[in-house]
Amino acid sequence: MTTTPNKVERELHSLEPSAIIELFQLHLTAAVNGVDQVYYFHAGTNQVSEAIVFDGDTYSAVPIEVDGFEVTTKGTLPRPSMKIANADGAITALLNAYNPLRAEVRRIRTCKKFLDGESAADPYATFPVEEWFIDRKATESRDVVSFELASKFDL
């Protein structure tokens, strides 16, 4: 996906900027995970608690918390964590059906006004798309599943 940082930068510096929306794609492949499937979800924050559409793909609202994406100039690469709500057992079912290790997680950040159906919809108006891979399952409970992510260079 091509990025258009000028549009996003202009929006963030406007007098009334649109909310930043974080979108996530979980890419499972037959070669690594046993199935070719992409799951689309967003955290349901910034007053957007229903499914949304961006670039023609529908992203389900799923409570998710991510942190550790900060890039530093010190020797080690970041190892972000991703906690996904498991209240309905959907993540446990996914884990039981497929091995998510080494599955790709794409983090896409855009502004609400660039979502499909908005007046300024633009699938290219994003921050640079980040690509991470599930390195390990850190915890799993009835309520939440936590993954540790790694860069391609860190696998």
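In this chain, residues are counted from 1 in sequence order.
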**OP:** For the pair N33 (side chain) and N99 (backbone), establish whether a donor and an acceptor sit closer than 3.5 Å, ignoring hydrogens and angles.
**Re:** yes
Original post:
Looking only at heavy atoms, which two atoms of C111 and E11 are closest? And how far apart?
Top reply: SG-CG, 3.6 Å
**OP:** Of all the heavy-atom pairs spanning A125 and V8, show the shortest one and how long it is.
**Re:** C-CG2, 3.5 Å
Subject >> Nearest-0.5 Å distance, NZ of residue K152 to CD of residue E131 >> reply: 7.5 Å
**OP:** Go through the structure and list residues passing side chain to side chain contact (heavy atoms under 4.5 Å, CB included) with S119, not counting sequence neighbours.
**Re:** none
**OP:** Applying ring pair (Phe, Tyr, Trp, His ring centres under 6.0 Å), name anything that partners F147, two or more places apart in sequence or on another chain.
**Re:** none
**OP:** With sequence neighbours left out, write down each residue that passes side chain to side chain contact (heavy atoms under 4.5 Å, CB included) with A120, or none if nothing qualifies.
**Re:** K113, F114
Original post:
Sequence neighbours excluded, which residues qualify as side chain to side chain donor-acceptor pair (under 3.5 Å) partners of D36?
Top reply: none
**OP:** For E130, enumerate each residue passing the side chain to side chain donor-acceptor pair (under 3.5 Å) test, keeping only those at least two apart in sequence or located in another chain.
**Re:** R107, W132
Subject >> Approximate separation, where rounding is to 0.5 Å, of K137 NZ and I91 CD1 >> reply: 11.5 Å
Original post:
Is there a side-chain contact (heavy atoms from CB on, under 4.5 Å) between L94 and L28 once you walk through the steps?
Top reply: CA-CA 11 Å; L94 178 71; L28 302 173; 4.0 Å; yes
**OP:** Mark yes or no for whether D135, through its side chain, and L101, through its backbone, hold a donor-acceptor pair below 3.5 Å.
**Re:** no
**OP:** Give the cluster check for I134 versus Y98: same hydrophobic cluster or not, with ILVMFWY residues linked at side-chain heavy-atom distances below 4.5 Å.
**Re:** yes
Original post:
Just wondering, do F24 and V62 contact through their side chains at under 4.5 Å, heavy atoms?
Top reply: no
Subject >> Y39: ring pair (Phe, Tyr, Trp, His ring centres under 6.0 Å) partners, not counting sequence neighbours >> reply: none
Original post:
Any link between V32 and V35 through a network of hydrophobic side chains (Ile, Leu, Val, Met, Phe, Trp, Tyr) touching at under 4.5 Å?
Top reply: no
Subject >> Residues which pass side chain to side chain contact (heavy atoms under 4.5 Å, CB included) with A43, listed by chain and number, not counting sequence neighbours >> reply: T45, I64
Original post:
When rounded to the nearest 0.5 angstrom, what is the spacing between CZ in F54 and CD1 in I21?
Top reply: 10.5 Å
**OP:** Taking all heavy atoms of H42 and all of E22, pick out the closest pair and write down the distance.
**Re:** CB-O, 3.3 Å
Original post:
What pairs with T58 under side chain to side chain contact (heavy atoms under 4.5 Å, CB included), at least two apart in sequence or on another chain?
Top reply: A51, V53
Original post:
Taking a hydrophobic cluster as the set of Ile, Leu, Val, Met, Phe, Trp and Tyr residues connected by side-chain heavy atoms closer than 4.5 Å, whether directly or through intermediates, do Y40 and V129 fall within one such cluster?
Top reply: yes
Subject >> Expected output: side-chain D122 to main-chain Y124 donor-acceptor under 3.5 Å >> reply: yes
**OP:** Kindly state each residue pair satisfying salt bridge (Lys or Arg N to Asp or Glu O under 4.0 Å) with at least one member in residues 39-50, sequence neighbours excluded.
**Re:** none
**OP:** Return the minimal non-hydrogen interatomic distance between A61 and G44, and the atom names on each side.
**Re:** CB-CA, 4.2 Å
Original post:
Tell me, do P80 and L149 make a side-chain contact under 4.5 Å, heavy atoms counted?
Top reply: yes
Original post:
With K112, which residues qualify under side chain to side chain donor-acceptor pair (under 3.5 Å), at least two apart?
Top reply: none
Subject >> Those residues that, when tested against E148, pass salt bridge (Lys or Arg N to Asp or Glu O under 4.0 Å) (two or more places apart) >> reply: R79, R136
Original post:
How many angstroms lie between CG in D55 and CG in L115, if you round to the nearest 0.5 Å?
Top reply: 11.0 Å
Subject >> Qualifying side chain to side chain donor-acceptor pair (under 3.5 Å) pairs, either residue in residues 81-93, two or more places apart >> reply: D67-S81, N86-T92, T92-E140
Subject >> Same apolar cluster (I L V M F W Y, side chains within < 4.5 Å links), V144/F41 >> reply: no
Original post:
Quick one: CZ on F133 to CD on E104, what's the gap to the nearest 0.5 Å?
Top reply: 4.5 Å
Original post:
In Å, rounded to the nearest 0.5 Å, how long is the span from CE of M82 to CG of L26?
Top reply: 6.5 Å
